[in-house]
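Remember, predicted model here, so these are calculated numbers, not experimental data.
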Amino acid sequence: MTKSIAYTKPSITELEVSYATDAVRNGWGKRCYEYIDRFETSFREHIGTKYSIATSSATGALHMGMAALDIGPGDEVILANTNWVASIAPILYLGATPILVDIDETSWCISTEAVKKAITSKTKVIMAVHLYGNVCEMDELTAICDQYGIYLIEDSAEAIGSEYKGKKAGSIGVFGAFSFHGTKTMTTGEGGMFVTNDINLYDKVLTLSSHGRSKYQKKQFWPDVLGYKYKMSNVQAAIGLAQIERIDELIQRKREIFNFYYKELIKIDGVSLNPIQPNCKSGFWMVNIVFSKATGVTREILQKEFIKENIDARVFFWPLSSLDFINKEVNTPVSIDLPSRAINIPSFHDITHEEQMRVIEVIRNVIK
């Protein structure tokens with residue numbers, strides 16, 4: 001059997017190992033937050049926000065951020081139907097109502113026209129999810145939020161390295177949330193980051209992230225409110241610090257991988273890749289191949305062919321409305337159609353040109 005090609009895996013060097021080892025050996029007592037503090041500082045400097053809080057996941061960052069905005073029962077949150085469940089889950093945790101709208105065919109991100117039609121007197125939040133590193137139309141979404149007095153938040157879980165008109169994804173909305181899952185461009189194994197420029201929001205989320213204990217409270221072990229336990233460990237932060245110190249290299253490598261695929265696959269009729277958006281830079285977290293309807297190629301055909309060649313390719317995110325525990329009737333034709341003829345192809349940091357050519361050959365054969 002031919003050697004397997006992974007879907008994704010992180011890039012770990014001796015720097016990560018040395019920092020993590022130091023955290024394990026010495027990161028206790030007075031040093032128990034040392035790597036967390038250093039990681040938070042380095043990350044917010046990279047993103048360009050004033051404040052940052054390391055969390056156990058992007059889901060936790062979204063959950064606490066919306067909780068701090070007092071989102072709850074009776075409130076509506078608009079988001080795209082094509083997303084991973086982690087985007088909608090915190091809305092449901094808080095008892096708010098998710099309003100699922102279509103994506104834009106040219107960006108795969110939330111359609112601003114669909115957003116305008118979905119706004120009601122109950123709308124409190126628009127969640128801009130930068131899908132696969134593609135960037136939402138932030139100027140238009142900002143204008144809509146300003147007009148209606150609602151919050152714009154950024155789920156940037158997949159968008160480290162992505163930029164909108166020179167601004168880093170995650171730095172534009174009221175707050176941003178990032179993921180450092182093992183599949184992401186940079187990783188802490190599991191983990192995330194909350195970022196914002198709003199000091200009051202930062203203080204609220206910081207309190208919520210530590211079981212409701214305020215940094216201003218003088219009593220030991222005294223929670224002021226009921227909070228959560230969404231903190232990152234010092235060992236995870238040590239890995240994250242090494243990764244953010246290498247972030248330019250990690251992002252550049254993602255772009256090189258995409259460009260190699262693009263150069264080879266753009267020649268094939270009926271095949272397209274991640275959108276190239278004007279005034280934006282993508283971090284190209286995951287390279288996606290979309291087949292035109294005319295080819296007759298489906299998700300199931302693609303999965304079968306990649307499995308046959310021992311290549312781990314993954315499906316495009318299912319529409320959230322199709323999940324059994326959501327099961328909503330929505331008019332989102334692009335969100336319903338696109339995943340049925342698309343697939344994520346291997347794009348991990350250390351993939352070789354030879355491995356990429358094996359992936360490309362499967363796509364050529366499918367078209368034949």
### Message
Between E256 and R253 (salt bridge meaning N to carboxylate O under 4.0 Å), is one present in this structure?
### Response
yes
### Task
Using modelled atom types only, decide if a donor and an acceptor are shared between the side chain of S210 and the backbone of R213 within a distance under 3.5 Å.
no
### Query
Between the side chain of S162 and the main-chain N/O of G133, is any donor-acceptor distance below 3.5 Å?
yes
### Minimum heavy-atom distance P346-I351, with the two atoms named
O-CD1, 3.7 Å
## Note on the structure
Closest non-hydrogen atoms of S209 and I53, given as atom of the first, atom of the second and distance, are OG-CG2, 4.2 Å
### Query
Are R314 and D312 ion-paired here, with the side-chain N under 4.0 Å from a carboxylate O?
yes
### Task
With the side chain counted from C-beta on, respond yes when I266 and V271 share a heavy-atom pair under 4.5 Å apart, and no when they do not.
no
### Task
Answer with yes or no whether the side chains of E158 and H130 bring together a donor and an acceptor at under 3.5 Å.
no
### Message
Surrounding NZ of K281 (heavy atoms of other residues, nucleotides or ligands, distance under 6.0 Å), is the total greater than 12?
### Response
no
### Message
Do I160 and W285 make a side-chain contact, defined as non-hydrogen atoms from C-beta onward lying under 4.5 Å apart?
### Response
no
### Task
Please check if the distance between the ring centroids of Y262 and F258 is under 6.0 Å.
yes
### Message
Let me check something: do L62 and L100 share a hydrophobic cluster, defined by ILVMFWY side-chain heavy atoms less than 4.5 Å apart, either directly or through other members?
### Response
yes
### Query
Is there a donor-acceptor contact under 3.5 Å linking the side chains of T188 and Q236?
no
### Query
With a 4.5 Å heavy-atom cut-off, do L250 and S11 have their side chains touching?
yes
### Neighbour count above 12 (heavy atom, 6.0 Å) for K30 NZ
no
### Query
Between F194 and Y202, is the ring centre distance below 6.0 Å?
no
### Task
Please check if the side chain of D22 supplies one atom and the backbone of S18 the other of a donor-acceptor pair under 3.5 Å.
no
### Message
Please evaluate residues K184 and H181 with respect to the criterion side-chain contact (heavy atoms from CB on, under 4.5 Å), reporting the C-alpha separation (whole Å), side-chain torsions for both, the decisive distance (0.1 Å), and the verdict.
### Response
CA-CA 6 Å; K184 297 299 190 291; H181 184 266; 4.2 Å; yes
### Cation over ring face, K254 and F284, 6.0 Å, 45°
no
### F180 and F39: CA distance, side-chain angles, deciding distance, ring pair (Phe, Tyr, Trp, His ring centres under 6.0 Å) verdict
CA-CA 12 Å; F180 309 130; F39 180 34; 5.4 Å; yes
## Note on the structure
The reported gap from OG in S52 to CD1 in I36 (rounded to nearest 0.5 angstrom) is 11.5 Å
#### Entry: salt bridge (charged side-chain N to carboxylate O under 4.0 Å, His left out) assessment of E355 paired with R358
CA-CA 5 Å; E355 288 171 322; R358 277 181 57 196; 5.8 Å; no
### Query
Between CG of N310 and NZ of K3, what distance do you get to the nearest 0.5 Å?
11.0 Å
### Message
I'd like to know if the side chain of Q356 and the backbone of I257 have a donor-acceptor N/O pair within less than 3.5 Å.
### Response
yes
### Task
Looking only at non-hydrogen atoms, find the nearest pair between S335 and P319 and report the distance.
O-CG, 3.3 Å
### Query
Should the pair K116-E113 be classified as a salt bridge under the 4.0 Å nitrogen-to-oxygen rule?
yes
### Query
How many angstroms lie between CG in N344 and OG1 in T8, if you round to the nearest 0.5 Å?
10.0 Å
#### Entry: Closest approach of V174 to Y151 (non-hydrogen atoms, all atoms of both residues)
CG2-CD2, 3.9 Å
### Task
Verify the neighbour count for atom CD of E300: are there more than 12 heavy atoms of other residues, nucleotides or ligands below 6.0 Å?
yes
### Message
Side chains of Q243 and T187, heavy atoms from C-beta outward: is any pair under 4.5 Å?
### Response
yes
### Task
Spell out, as yes or no, whether a donor-acceptor pair under 3.5 Å connects the side chain of S107 to the backbone of C109.
yes
### Message
Assess the residue pair N288 and F316 against the criterion (side-chain contact (heavy atoms from CB on, under 4.5 Å)); give the C-alpha distance rounded to whole Å, side-chain angles, the decisive distance to 0.1 Å, and a yes or no.
### Response
CA-CA 8 Å; N288 298 271; F316 203 93; 3.8 Å; yes
#### Entry: Distance-only donor-acceptor check, side chains H63 and Y230, under 3.5 Å
yes
### Query
Any idea which heavy atoms bring G182 and P10 closest together, and the distance?
O-CD, 3.6 Å
### Query
Got a salt bridge between D198 and K50, using NZ or NE/NH1/NH2 to carboxylate O under 4.0 Å?
no
### Query
Just by distance, do the side chain of N134 and the backbone of L131 share a donor-acceptor pair under 3.5 Å?
yes
### Query
Thinking salt bridges, do D75 and K122 make one under a 4.0 Å N-O criterion?
no
### Message
Within this structure, what is the CG-CG distance for the pair N81 and N331, rounded to the nearest 0.5 Å?
### Response
10.5 Å
### Task
State whether the side chain of K328 and the backbone N or O of P98 hold a donor-acceptor pair below 3.5 Å, judged by distance alone.
yes
### Query
Sub-3.5 Å donor-acceptor pair from the side chain of E309 to the main-chain atoms of I311, do we have one?
no
### Query
Are V101 and I103 in one and the same hydrophobic cluster, where Ile, Leu, Val, Met, Phe, Trp and Tyr link if side-chain heavy atoms are under 4.5 Å apart?
no
### Query
Are L69 and V225 joined in one hydrophobic group, where the rule is that I, L, V, M, F, W and Y side chains link up if heavy atoms are under 4.5 Å apart?
yes
### Query
Do N327 and S321 touch side chain to side chain, with heavy atoms closer than 4.5 Å?
no
### Query
Does one hydrophobic cluster hold both V315 and L338, with members joined at side-chain heavy-atom distances below 4.5 Å?
no
### Message
Suppose we call two aromatic rings close when their centres sit under 6.0 Å apart. Are F178 and F43 close by that rule?
### Response
yes
### Message
Would you call the rings of F260 and H353 parallel, tilted or perpendicular, taking 30° and 60° as the class edges?
### Response
parallel
### Query
Going through the checks in order, is the side-chain contact (heavy atoms from CB on, under 4.5 Å) test met by Y51 and L206?
CA-CA 10 Å; Y51 310 104; L206 189 64; over 6 Å; no
#### Entry: side-chain contact (heavy atoms from CB on, under 4.5 Å) assessment of D337 paired with S340
CA-CA 6 Å; D337 171 63; S340 69; 3.8 Å; yes
### Query
With distance as the sole test, does N279 use its side chain to make a donor-acceptor pair with the main-chain N or O of Q277 at under 3.5 Å?
no
### Message
Counting C-beta onward and ignoring hydrogens, is there a side-chain heavy-atom pair between W84 and L320 closer than 4.5 Å?
### Response
no
### Query
Just checking, any donor-acceptor pair under 3.5 angstrom between side chains of S292 and R341?
no
### Summary
Smallest heavy-atom separation, V129 atom then S87 atom, equals CG2-OG, 3.8 Å
### Task
Answer yes or no: does atom CG of L226 have more than 12 heavy-atom neighbours from other residues, nucleotides or ligands under 6.0 Å?
no
### Message
Could you check whether D203 and Y216, counting side-chain N and O atoms only, form a donor-acceptor pair closer than 3.5 Å?
### Response
yes
### Query
Just wondering, do L302 and E305 contact through their side chains at under 4.5 Å, heavy atoms?
no
### Query
Looking at CD of E16 and CD1 of I239, how far apart are the two atoms once the value is rounded to the nearest 0.5 Å?
8.0 Å
### Query
When rounded to the nearest 0.5 angstrom, what distance separates CD in E245 from CE in M186?
10.5 Å
### Query
Is there a donor-acceptor pair closer than 3.5 Å between any side-chain N or O of T49 and the backbone N or O of V195?
no
### Task
Might you confirm whether atom CG of D269 has over 12 heavy atoms from other residues, nucleotides or ligands at distances under 6.0 Å?
no
### Task
Give a yes or no on whether V297 and L265 share a hydrophobic cluster (residues Ile, Leu, Val, Met, Phe, Trp, Tyr; joining criterion: side-chain heavy atoms under 4.5 Å apart).
yes
